[in-house]
Amino acid sequence: MISRRAVLGGAVAAVGGIGVASLAAQRAGVLDDALRAVGARPHAEPNPQDVQLLADAAAGQRSLLARFDALDRTHHVAELAPLRSVLATQLAAVADDTRSPVEVPPVADDQDVAVAAFATDVQSTAKARHDGALASGSLAVTQVLASMAAGLDQVGLAVRAAT
Amino acid sequence: MTDRVALLQAWLALEHEAVWLYGVIGGRVNDLDEPAGRSWDRHRGVRDRLVAVIRAADEVPVPPSMGYEPTHIDSAGPAHRAAQSVENRIANACMATLASDADRARALKGLISSARAAVAWGAKPEAFPGLG
């Protein structure tokens with residue numbers, strides 16, 4: 001079985017040995033200590049497309065988490081509560097900063113409509129990660145995005161089941 | 001055998017197991033015959049496509065095993081556990097097969113399909129299916 005730790009470390013290396021939220025530091029030539037901790041060597045020339053794909057993944061996860069929290073504040077659905085940790089784990093894997101505020105659209109008053117809208121958000125985010133996995137130039141980034149797509153697809157199924 | 005074919009053969013071996021498993025579930029657990037039938041159809045399709053791809057690479061596809069574990073599947077609980085197990089192992093095999101550029105789209109589709117199936121068979125969603 002392929003180790004999650006190894007793949008995530010490889011993805012970090014593929015984009016230059018940095019967390020996605022530390023692009024400015026990367027441009028200044030600063031290496032992330034976490035990379036050294038997993039024993040990965042910095043990639044000499046990070047693939048800009050892969051950097052962008054992981055940055056997009058981080059932005060997508062932030063948006064989903066913000067939408068999840070907005071949904072939860074308006075209509076607490078107990079069955080959905082465990083899914084937050086899945087989304088947060090995915091975000092932590094691709095972002096240094098997991099707390100950036102994100103503006104979200106208003107949540108529908110009707111609970112079923114609101115949950116269905118969130119399920120659609122999850123599925124479209126899964127599709128974006130799927131497409132990113134096919135576009136990536138690095139195997140490690142491909143594997144991270146593919147696994148995220150599969151995990152999001154599972155979350156989407158679970159959300160749909162709650163409607 | 002090339003690395004590519006070895007990855008495909010490992011995946012195919014699990015598809016053989018899935019076809020066997022869903023046949024057993026459908027035949028022995030009445031309440032699960034419909035979902036087992038759908039899963040059986042899906043895995044037969046994947047199996048047949050993998051056989052064709054391996055043959056196209058001038059290799060001999062691995063055959064099914066003579067038997068698989070567990071052999072005592074006579075109720076919903078063991079059936080769900082066995083289904084989740086085989087789907088998770090297929091997801092792992094698909095994750096490895098992503099290393100083959102020629103098979104990347106196929107492996108990604110297989111990974112997502114098996115992740116979905118694992119949840120449909122009662123698994124909880126996880127952040128990184130296919131990665132240990």
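All chains are named by letter (A, B, ...) in the order of the sequence lines, taking the proteins before the strands, and each is independently numbered beginning at 1. Every heavy atom of this structure was used, including side-chain atoms; hydrogens, water molecules and symmetry mates were not.
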Exercise. Are V46(B) and K109(B) side-chain neighbours, meaning at least one heavy-atom pair lies under 4.5 Å?
Worked result: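 Not in contact.
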Exercise. Which region of I2(A), side chain (C-beta onward) or backbone (N, CA, C, O), has a non-hydrogen atom less than 4.5 Å from a non-hydrogen atom of chain B, or is it both or neither?
Worked result: both
For this session: Would you give the length of the straight line joining atom CG of L54(A) to atom OG of S136(A), rounded to the nearest 0.5 angstrom?
Result: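 Rounded to the nearest 0.5 Å, the CG-OG separation comes out at 7.5 Å.
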Exercise. Salt bridge check: are R67(A) and D121(A) linked by an N-O gap of less than 4.0 Å?
Worked result: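 A salt bridge is present here (some side-chain N lies under 4.0 Å from a carboxylate O).
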Problem set entry | Among T142(A), T89(A), V144(A), V155(A), residue most engaged with chain B (heavy-atom pairs, under 4.5 Å) | T142(A)
Problem set entry | Which residues share a side chain to side chain contact (heavy atoms under 4.5 Å, CB included) with A88(A), sequence neighbours left out |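 A88(A) satisfies side chain to side chain contact (heavy atoms under 4.5 Å, CB included) with L65(A), R84(A) only.
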Problem set entry | chain A contact via L98(B) - side chain, backbone, both or neither, heavy atoms under 4.5 Å | both
Exercise. Which one, A93(B), S114(B), S113(B), A99(B), leads in non-hydrogen pairs under 4.5 Å with chain A?
Worked result: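 Option with the top pair count is A99(B).
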